[in-house]
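Here, residue 1 is the first one in the sequence, and each next residue gets the next number.
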Amino acid sequence: LMVGVRVRPLSAAESARGAVDCLSVTEGNKVFARDPDEKMGGRDYLRLQQFNDHAYQFDAAFGPESGSSEVYARLVRRVVTAVIDGYNGACFAYGATGSGKTHT
């Protein structure tokens, strides 16, 4: 079992309304999520220097600049080859609506 994640690029609509990336991928398997906690309509000045940041590690992680062929090569190719050789295999895409499943 391998678990991979792909961070999709911002859509044109997201960019137009001034959205910024809150995820970064490093070392090919780590994802850092930065949440400045601005959900209540503005900055919480009492917590200005506190962030709700999280770090995650996967078998493979792909940034917005990664292509579908790179995702295929690292995560899917071995499954397809095994199925052709007679083994069972599955690839599963999971995520919220608009998260990038179709993009990948």
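- Residue pairs meeting the side chain to side chain donor-acceptor pair (under 3.5 Å) criterion with at least one member in residues 8-27, sequence neighbours excluded: R8-E14, S11-E14, E27-K30.
- The minimum heavy-atom distance linking V3 with D59 is given by the pair N-OD2, 2.7 Å.
- Within a 6.0 Å radius of CG in D85, other residues, nucleotides and ligands contribute more than 12 heavy atoms.
- Transitive grouping of hydrophobic side chains (ILVMFWY, heavy atoms separated by less than 4.5 Å) keeps V76 and V5 in distinct clusters.
- Across L75 and A60, no two heavy atoms sit closer than the pair CD2-CB, 3.9 Å.
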Audit row: V79, Y87, side-chain contact (heavy atoms from CB on, under 4.5 Å) steps and yes/no
CA-CA 9 Å; V79 176; Y87 295 94; over 6 Å; no

Check residues 89-99 and write down every donor-acceptor pair under 3.5 Å in which the side-chain atom is one partner and the other belongs to a residue at least two apart or another chain.
| residue | atom | partner | partner atom | Å |
| --- | --- | --- | --- | --- |
| S99 | OG | A96 | N | 3.4 |
| S99 | OG | A96 | O | 2.7 |

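- In this structure, CG in L23 is found 9.0 Å from OH in Y56, a value given to the nearest 0.5 Å.
- Between the NE2 atom of H54 and the CZ atom of F32 there is a distance of 12.5 Å, given to the nearest 0.5 Å.
- Between V7 and V25, the closest heavy-atom pair is CG2-CG2, 3.7 Å.
- For the atom pair Y72 OH and R78 CZ, the distance stands at 12.0 Å (nearest 0.5 Å).
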- Task: Begin from the C-alpha positions of M2 and R74 and carry the test side-chain contact (heavy atoms from CB on, under 4.5 Å) through to its verdict.
- Result: CA-CA 10 Å; M2 288 186 67; R74 282 194 57 200; over 6 Å; no

